[in-house]
Amino acid sequence: MEKATIVVAAFNRKQSLARCLQALSKAQYEDLSPRLIISIDSGSSNKDVRELADQFHWKHGPKTVIYQEQELGLKRHILACGELTRRYGPIILLEDDIFVSPFFYSYAGQACSYYRDDPRIAGISLYSPRYNETAKSAFEPLQSRHDVFFGQFPSSWGQLWTPEQWASFAAWYGDGDNLDIRTDDHHIPPNVRKWSRSWKKYFYKYMIEQNKYFVYPYISHSTNFADPGIHVKKPTQRYQVTLSYCGERTYALCPLDDSGVVYDAFYEFTGLGKQFKEPVRTNLSVDLWGTKSKDAYSRFVLTTRRLNCKVLATFGSSMIPLEDNVLQNMTGDGIYLYDMQRKQR
């Protein structure tokens with residue numbers, strides 16, 4: 001199992017940091033003695049945060065407190081934390097309002113060892129998403145015999161990066177000055193294009209352009225309290241998920257090509273084309289959430305939208321997740337397969 005340094009990014013939320021550190025202190029680490037780094041962005045209101053970090057006793061291994069001399073803001077602070085991989089090797093990055101399960105470190109270490117040599121993997125998530133931020137709706141991934149699935153969307157609520165994974169992103173990102181995410185870039189979800197001061201927006205673009213994926217667990221090893229701060233104005237439980245308390249175990253991991261459960265940047269299941277014959281199979285756009293631009297559609301489209309085009313097939317829409325209605329060939333009216341080159345008569 002790979003050993004990773006734990007990095008907590010903090011600013012001015014003392015109670016959030018205390019809760020995060022308490023969860024880390026109670027977690028299981030076998031005999032690996034992981035290093036803990038607490039990185040604090042500077043600011044006039046975080047004296048108490050610095051005192052908490054300095055006084056916190058980390059019984060599991062060495063502890064380092066980094067106090068940024070200049071205020072970076074969240075985007076640059078996360079980028080600075082990612083750069084720690086160059087010195088410390090794999091890191092598990094947690095913002096201060098993240099809470100981990102007692103067995104997160106075992107999962108992270110096993111996944112790191114398994115996926116670190118696959119160049120298509122951009123990172124490993126501790127968090128298991130249950131909310132589609134683009135569609136603003138509940139998200140439930142298809143199940144499989146494995147403990148993980150894959151998504152072309154980055155994790156920011158508990159994630160692991162190896163030096164190689166971070167270096168690949170950093171080389172693509174450069175100094176960020178030449179990166180431009182246009183409002184009409186239909187390959188990037190519309191909500192992501194509107195984000196400001198966000199490192200995650202650029203990681204989205206990187207993953208889409210480079211065809212990379214994050215590894216996601218079915219049962220979450222971290223949860224997000226979304227405490228009020230710079231980007232969260234009101235407390236919410238929207239991003240709270242059930243944590244894993246399954247104990248020490250060997251996780252059923254699998255290569256990306258063998259998973260069978262892979263989602264694109266819009267949380268659309270990428271395997272639905274296999275349900276159809278040519279020419280639909282290789283010329284299909286899937287937009288069950290209805291969040292993709294019509295300008296990006298292929299000739300054939302599978303969607304819940306009503307379009308003035310020839311309907312080739314219909315499916316029900318009662319099953320969760322939506323893609324299961326197509327996989328099970330569920331009769332009904334709610335999901336439509338269109339030929340965009342033929343108008344409906």
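Distance check: Gln152 CD to Tyr204 OH gives 9.5 Å after rounding to the nearest 0.5 Å. The distance from atom CZ of Phe103 to atom OG of Ser244, rounded to the nearest 0.5 Å, is 7.5 Å. Here the straight-line distance linking atom CG of Asp287 with atom CD1 of Ile335 works out to 11.0 Å at 0.5 Å rounding. Atom CG of Asp339 sits about 11.0 Å away from atom NZ of Lys343, to the nearest 0.5 Å. Note: Gln165 CD to Ile124 CD1 = 5.5 Å, rounded to the nearest 0.5 Å. Rounding to the nearest 0.5 Å gives a distance of 11.5 Å between CD of Gln15 and CG of Asp96.
Taking every heavy atom of both residues into account, Arg120 and Asp257 meet most closely at NH1-OD1, 2.8 Å. Between Leu243 and Thr223 the shortest heavy-atom distance is CD2-N, 3.8 Å. Of all non-hydrogen atoms in Ile181 and Lys205, the two that sit nearest each other are CG1-CD, 3.6 Å. Asn46 and Ile40 make their closest contact through ND2-CG2, 3.5 Å (heavy atoms, listed as atom of the first residue, atom of the second, distance). Nearest heavy atom pair, residue Glu278 against residue Asn283, reads OE1-ND2, 4.5 Å. When all heavy atoms of Gln143 and Val261 are compared, the pair lying nearest together is O-CG2, 4.1 Å.
Judged by distance alone, with hydrogens and angles left aside, the side-chain atoms of Gln110 form a donor-acceptor pair with the main-chain N or O of Tyr251 at under 3.5 Å. Listed for the Ser285 side chain is a donor-acceptor partner under 3.5 Å among the backbone atoms of Ser298. In this structure, the side chain of Ser125 does not engage the main chain of Val215 through any donor-acceptor pair within 3.5 Å. In this structure, Tyr105 contributes its side chain and Ala4 its backbone to a donor-acceptor pair below 3.5 Å. Between the Glu268 side chain and the Leu288 main chain, a donor and an acceptor come within less than 3.5 Å of each other. Using modelled atom types, one side-chain atom of Asn325 and one backbone atom of Met319 make a donor-acceptor pair closer than 3.5 Å. The closest donor-acceptor contact from the side chain of Lys201 to the backbone of Trp195 lies under 3.5 Å. Under the 3.5 Å distance criterion, the side-chain polar atoms of Tyr127 are matched with a main-chain donor or acceptor of Tyr239.
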*Worked verdict on Tyr263 versus Tyr267 for ring pair (Phe, Tyr, Trp, His ring centres under 6.0 Å)*: CA-CA 5 Å; Tyr263 290 87; Tyr267 290 75; 7.6 Å; no
*Go through the steps to decide whether Leu253 and His146 satisfy the test side-chain contact (heavy atoms from CB on, under 4.5 Å), and finish with yes or no.*
CA-CA 6 Å; Leu253 306 175; His146 304 114; over 6 Å; no
*Evaluation steps, side-chain contact (heavy atoms from CB on, under 4.5 Å), between Thr314 and Leu337*: CA-CA 6 Å; Thr314 64; Leu337 175 63; over 6 Å; no
*Between Ile320 and Leu322, is a side-chain contact (heavy atoms from CB on, under 4.5 Å) present by the stated rule, with each step listed?*
CA-CA 5 Å; Ile320 298 175; Leu322 273 174; over 6 Å; no
*Could you walk me through whether Asp147 and Arg249 pass salt bridge (charged side-chain N to carboxylate O under 4.0 Å, His left out), step by step?*
CA-CA 11 Å; Asp147 288 321; Arg249 52 172 292 204; 2.5 Å; yes
*asked:* I'd like to know whether Leu94 forms a side-chain contact (heavy atoms from CB on, under 4.5 Å) with Leu126, so could you lay out the CA-CA distance, the side-chain angles of the two residues, the decisive distance to 0.1 Å, and finally the verdict.
replied: CA-CA 10 Å; Leu94 307 168; Leu126 305 181; 4.0 Å; yes
_Step-by-step ring pair (Phe, Tyr, Trp, His ring centres under 6.0 Å) determination, Trp161 to Phe203_ = CA-CA 13 Å; Trp161 283 307; Phe203 215 97; 5.6 Å; yes
_With salt bridge (charged side-chain N to carboxylate O under 4.0 Å, His left out) as the criterion, how do Glu133 and Arg238 come out once you've worked through the C-alpha distance, each side chain's angles and the decisive distance to 0.1 Å?_
CA-CA 10 Å; Glu133 293 183 90; Arg238 175 172 290 169; over 6 Å; no
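With contacts defined as side-chain heavy-atom distances shorter than 4.5 Å, the pair Ile78/Lys200 does not qualify. When side chains are defined from C-beta on, Ile37 counts as touching Tyr88, because their heavy atoms get closer than 4.5 Å. A 4.5 Å side-chain heavy-atom check between Pro90 and Arg116 finds at least one atom pair inside the cut-off.
The environment of Leu256 atom CG is dense: over 12 non-hydrogen atoms of other residues, nucleotides or ligands sit within 6.0 angstrom. Within 6.0 Å of atom NE2 in His187, 12 or fewer heavy atoms from other residues, nucleotides or ligands are found, so the atom counts as exposed in its surroundings. More than 12 heavy-atom neighbours from other residues, nucleotides or ligands sit within 6.0 angstrom of CD on Gln328.
By the rule that hydrophobic residues join a cluster once side-chain heavy atoms approach within less than 4.5 Å of another member, Phe214 and Phe169 end up as members of one cluster. Hydrophobic clustering (side-chain heavy atoms under 4.5 Å, transitive across Ile, Leu, Val, Met, Phe, Trp, Tyr) groups Trp199 together with Met207. Residues Ile92 and Val8 are members of one and the same hydrophobic cluster, defined by side-chain heavy-atom contacts under 4.5 angstrom among Ile, Leu, Val, Met, Phe, Trp and Tyr. Under the 4.5 Å side-chain heavy-atom criterion for Ile, Leu, Val, Met, Phe, Trp and Tyr, Tyr107 and Ile6 are members of the same hydrophobic cluster. Criterion: ILVMFWY side-chain heavy atoms under 4.5 Å apart, direct or through other members. Under it, Phe225 and Tyr245 are part of a common hydrophobic cluster.
A donor and an acceptor atom, one from each side chain of Glu95 and Trp157, are nowhere located under 3.5 Å apart. Looking only at atom types and distance, the side chain of Thr134 has a donor-acceptor partner in the side chain of Asn191 under 3.5 Å away. Remark: the Asp227 side chain and the Ser16 side chain contain an N/O donor-acceptor pair separated by less than 3.5 Å. Using modelled atom types and a 3.5 Å distance limit, the side chains of Glu71 and Ser42 yield no donor-acceptor pair. Between the side chains of Ser106 and Glu248, at least one donor N or O lies within less than 3.5 Å of an accepting N or O. Residues Tyr206 and Ser168 have side chains that bring a donor and an acceptor to within less than 3.5 angstrom of each other. Checked by atom type, the side-chain pair Ser128/Ser220 shows no donor-acceptor distance below 3.5 Å.
Tyr336 belongs to a hydrophobic cluster whose other members, connected by ILVMFWY side-chain contacts under 4.5 Å either directly or through intermediates, are Tyr297, Val301, Leu307, Val311, Tyr338, Met340.
Classified by interplanar angle (parallel below 30°, tilted 30° to 60°, perpendicular above 60°), the ring pair Tyr115/Phe150 is perpendicular. Aromatic ring orientation, Tyr216 versus Phe149: parallel (interplanar angle below 30°, classes split at 30° and 60°). Taking the six-membered ring for Trp and thresholds of 30 and 60 degrees, Trp289 and Phe139 have ring planes inclined between 30 and 60 degrees apart.
Listed by first and then second residue, the side chain to side chain donor-acceptor pair (under 3.5 Å) pairs involving residues 49-66 are Arg35-Thr64 (not counting sequence neighbours).
The six-membered or imidazole ring of Phe99 lies away from that of His221, with a centre-to-centre distance of 6.0 Å or more.
With sequence neighbours left out, the side chain to side chain donor-acceptor pair (under 3.5 Å) criterion links Asp264 to Lys292.
Salt bridge annotation for Arg193-Asp185: absent, with no cationic side-chain nitrogen under 4.0 angstrom from a carboxylate oxygen.
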